[in-house]
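The structure appears right after this line, and notes come after that.
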Amino acid sequence: MATFSLMKKWFAIIILMIIGFQSLYPQELPVDDTLAYKAINTDNITHRFTSAFIPDNGLNYYVEHYADDVHVHLPVAGGWGDAIPYLHSFNGGSYKWTSHYYNGIKTNNVLIPGDAMFHLTTDLHQITVDAYASEIKLNPNYDSTDHLSVNYLLGDIGSRVGWADWFINNISGHNSAQQRAVMEIEDRMYLPYQVRLKYTKPNEIDQDPFQFQFLVGKRKNIDQDYLGRSSTYDENYYQASLMGSISKQYHYALEWQYRSHAFSEFQYDESETSGRHIGNVSFYSTGDHNYGIHLNVMDLSYQDASFNRNVIDQDGEGLHPFYQDGTQLALTPFYSRKGPLWKKNKWKYNLEFHNSWNRHQPRTTAKSNAIYYQSNDANYRSLHVMDWAMTAHSNWLLNNNATITYEDQEGSTRIKLSSGLNFIGMTYDQSALLHLMPSIDVGIEQDLSDRISIGMRTGLIPRPYDIDQVRFLSRDHLNGTAYYWNDSNGNKEVESSERGTILYVTGGEHRIKGADLGPSKTLYIDVPFKWQASQHWHFKLIPQFRSHRNTWDVQYHPDLPLPVGLNELGSWFYRGGGGQSVYEVIPYSEEWMRDSDGRLRSSLFNQPFYAGITLQFERSSESFYVRGSATGHIIAGGATMGNGPLNNNINQPSDAMSDLNLRYKYLGRIDSDRSYLANFLMGYMYSNHGKMSLQLRYRDGQSFGYYGSLLLETTEGAQVIFNQPLPRGDDPFTRLMGRREDFLLNINLYWHHRLSLSTGNLDLGVQVFNLFDFATEASEFTYGVDGNFLRAPLELQVARTMSFSLHYNW
């Protein structure tokens, strides 16, 4: 098992590397001013830094390697994440709470919570990260030159290093993914190719540059069956974006995306995925008042609407891979304004109104899916058939706030006070949830000396609703009824005579809103400590705590008979009584935060919480930069069955939460990212025209769930019931451990050289991702079947990839 001692080993290795590299540090080398960089504040990264050491990569890659406050929920190395949504979470918050801004305008894709409308590269933008507001901001670089660049990615270069097993055995103390595999692992997820073309032309002074970008590629995905890995299939994708200014005040932005197999990143089988088209359009005005309108359109078309599925052929992520197809539309008028209050710069105000009307028009209004169980070649058993009904529906999402901020510095003391009023709401069916909620943010930093400072930042932030919460409560969105299915003729197809009685129901028609249900709130406190050891060395230590209040939970209606009974062993519950369930959606109850000894926690720990600590060090000069960080964290609470961001996420409701078997070890880690992280970056400018960098990303920890399964025969038919014999990851209070193997380690090298031509500059770049390819696992089989506790790997980390880039500016 991975432990924090492993993190200390890695941190010691990084320190030794830094000491060794100091001998390479050149004193006062002449440097081209356009590439020079000073000490970097990680909350505000300039485009010069990103263009120097993050070549032609999108925001996913940037935050994966350089932003300690932000965690990425899906594999992104080597361009793998360019086709999938941005799923970024800040210090233990839900990725759905992340806001994206471009040019000062909020640009969230309302139809995909947490995703951005426009997927831009970082090399031509300034990036600002606000971990407290869960915001990532990109602002265009007002450069005076034209830019044209081409980037080509080629995956699956070479093979796994020969000493990988020895390395993994000695570092982790257990067998590698290949040594634990049920079958020989040959195929990997990788990019057969990806090409990105970008062109940027400056406009007049203070106008946004004209930017065009086109991305096309192919992904190799892994399919699974009851043994784990079964086959591979190709996914094609492309993106095209266009943005610029009509005048100094008026701007536009457009993007079109296509994927042939959306949801492959969530462990869905090929037949369960969809073709997906997304169109995003924005017209807006900037100045004293920012206003405009966004249009988001998404169209989903099933690969196979009536796919059959094995309840144990995934890692738990795909227990309910059911969603509506059809066309979805979101229309968002917005307005924002900020400035000094009473013409005094210490007092400032900020207004933001962001309200969306959403429409869902399904293409398929009724469909059926057969569910079966199979854990080996011989024991196929039909279970039930799901009938689904879908109806067109509309709703509103409301997010409006007004904030006043006071900032001042008196000698060695810096103070920031913010107070706001938030109007948050949503509509569903003929009902609405509307709330007027306050927010507060208090920060103070005290210099203890010329080189040492300590601070504190605390506050309470309300979180807006998202489209998934609307869909969950809506009576028109994806209602299902499960009927027993006895495959009497053995053809593995549902016949009308084989349908039995109702097993259970699901969907908004069977859910009611409980008392006190509302938006979530986050209470946070950080205590940063900063030390400037010398002119070039900087250290930062940040303990962090977050308490997430009023997150959503689902249970059977407490005033109605339970639609379940005990099996003959008296230990596991099974569904019975006709399946006419009524689910109640309620705020998360503190009784579920009991530890393994049944004790209730204090008021700080009786709701899902995050606790972490980050240690960061940095050395910089005009020609040498080194930065490393180590973070250990835990997100504790309960979540729906499964792993990964769809299920293993704060405030993601599911009817599976009501399953009494899964409440047995409900308290555990619920972060889908690993719990211990280490980043390292070293950049060296060896001449006026050349530079190179080394990047390392390490992730490890206890975050995967484990589920036992039992095939139960009843008089009506068969059903599979699940339980959670071990906590997800581990119990934060008793340290009762779950099971998970392996870690993720990515080491990247980058080389860049500039050729000065008579007409401009030509930059050449080569990057190797996952240089030492250990082929550790990215996900694993999480069901116990036939008494087998083997954790067979499902997916391995993205294979070694090479990137070649040409960049010309004139």
Side-chain angles (χ1 to χ4, degrees), residues 223-227 230 268-274 302-314 316 318-325 362-391 478-507 509-510 562-568 572-583 641 655-656 658-659 661 707 709-722 783 785-786:
D223 239 357
Q224 295 91 17
D225 61 15
Y226 51 86
L227 292 177
S230 61
Y268 286 9
D269 288 343
E270 180 180 12
S271 63
E272 300 166 355
T273 63
S274 278
Y302 295 125
Q303 296 287 345
D304 179 7
S306 58
F307 63 83
N308 296 352
R309 67 165 288 100
N310 187 349
V311 295
I312 59 169
D313 71 350
Q314 303 284 351
L319 181 64
H320 299 293
F322 306 110
Y323 52 90
Q324 284 194 7
D325 68 350
R363 180 178 294 108
T364 304
T365 57
K367 70 187 187 80
S368 296
N369 300 100
I371 312 298
Y372 64 93
Y373 169 91
Q374 186 173 17
S375 64
N376 58 51
D377 291 338
N379 70 347
Y380 181 96
R381 180 63 168 96
S382 58
L383 295 177
H384 54 273
V385 57
M386 294 289 304
D387 289 346
W388 297 99
M390 294 151 279
T391 307
L478 202 63
N479 293 289
T481 303
Y483 296 90
Y484 280 105
W485 167 42
N486 291 288
D487 188 21
S488 55
N489 59 13
N491 66 354
K492 300 182 180 181
E493 298 292 335
V494 180
E495 312 288 346
S496 58
S497 61
E498 297 174 346
R499 286 173 173 263
T501 58
I502 292 178
L503 175 61
Y504 68 90
V505 292
T506 184
E509 286 186 351
H510 312 284
L562 284 176
V564 297
L566 279 171
N567 73 331
E568 64 273 13
W572 287 14
F573 293 91
Y574 68 96
R575 292 183 181 271
Q580 298 301 318
S581 311
V582 176
Y583 306 95
M641 182 179 179
D655 288 346
S658 63
D659 192 326
N661 299 301
Y707 305 100
S709 62
L710 176 67
L711 180 64
L712 182 70
E713 298 286 352
T714 70
T715 56
E716 293 86 3
Q719 58 177 279
V720 169
I721 56 178
F722 301 101
Y783 291 114
V785 293
D786 300 336

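- Asp487 and Glu493 make their closest contact through OD1-O, 3.7 Å (heavy atoms, listed as atom of the first residue, atom of the second, distance).
- At least one side-chain heavy atom of Glu498 sits less than 4.5 Å from a side-chain heavy atom of Ser488.
- Take Phe322 and apply the ring-ring contact (aromatic ring centres under 6.0 Å, His included) test, not counting sequence neighbours, and it matches Phe307, Trp388.
- For the pair Val720 and Leu383, the minimum side-chain heavy-atom distance is below 4.5 Å.
- Taking 4.5 Å as the limit, some side-chain heavy atom of Tyr302 sits within range of a side-chain heavy atom of Thr364.
- When atom types are taken as modelled, the side chain of Asp659 and the backbone of Ala656 share no donor-acceptor pair closer than 3.5 angstrom.
- Evaluation of the side chain to side chain contact (heavy atoms under 4.5 Å, CB included) rule for Thr481 yields Tyr483, Ile502, Val505 as partners, not counting sequence neighbours.
- Judged by distance alone, the side chain of Asp325 and the main-chain N or O of Arg363 form a donor-acceptor pair under 3.5 Å.
- Pairing each heavy atom of Thr506 with each of His510, the nearest pair is O-CD2, 3.4 Å.
- Residues Arg381 and Asn486 approach most closely at NH2-OD1, 3.6 Å, considering heavy atoms.
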Candidate pair Asp387 and Arg499, rule salt bridge (charged side-chain N to carboxylate O under 4.0 Å, His left out), full reasoning: CA-CA 11 Å; Asp387 289 346; Arg499 286 173 173 263; 2.8 Å; yes
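- A donor-acceptor pair under 3.5 Å is absent between the side-chain atoms of Asp269 and the main chain of Glu272, judged by distance alone.
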Steps toward side-chain contact (heavy atoms from CB on, under 4.5 Å) verdict (Thr391, Gln324): CA-CA 10 Å; Thr391 307; Gln324 284 194 7; over 6 Å; no
Test side-chain contact (heavy atoms from CB on, under 4.5 Å) applied to Ile371 and Val311, step by step: CA-CA 7 Å; Ile371 312 298; Val311 295; 3.1 Å; yes
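- For Asn369 against Ala305, the heavy-atom pair with the smallest separation is ND2-O, 3.0 Å.
- Checking Tyr373 against Gln719 by side-chain atom types alone, no donor-acceptor pair falls below 3.5 Å.
- The closest side-chain heavy-atom distance from Ser306 to Ser368 is not below 4.5 Å.
- Of the charged side-chain nitrogens involved, none lies within less than 4.0 Å of a carboxylate oxygen, so that Lys367 and Asp304 do not count as a salt-bridged pair.
- A heavy-atom distance below 4.5 Å is found between the side chains of Met386 and Tyr504.
- Figure legend: Lys492 and Tyr380 shown as a cation-pi pair, the cationic atom lying under 6.0 angstrom from the six-membered ring centre and within 45 degrees of its axis.
- The side-chain heavy atoms of Leu710 and Phe722, taken from C-beta on, include no pair separated by under 4.5 Å.
- At distances below 3.5 Å, at least one donor-acceptor pair connects side-chain atoms of Asn479 with backbone N or O atoms of Glu509.
- Asn489 contributes no side-chain N or O that, together with a main-chain N or O of Glu495, makes up a donor-acceptor pair within less than 3.5 Å.
- Of all the heavy atoms in Trp485 and Ala370, the pair that sits closest is CZ3-CB, 3.8 Å.
- The shortest side-chain heavy-atom distance between Ser274 and Tyr323 falls under the 4.5 Å cut-off.
- Contact check for Tyr574 versus Val564: no side-chain heavy atoms found under the 4.5 Å cut-off.
- In terms of heavy atoms, Ser658 sits closest to Tyr583 at OG-CE2, 3.4 Å.
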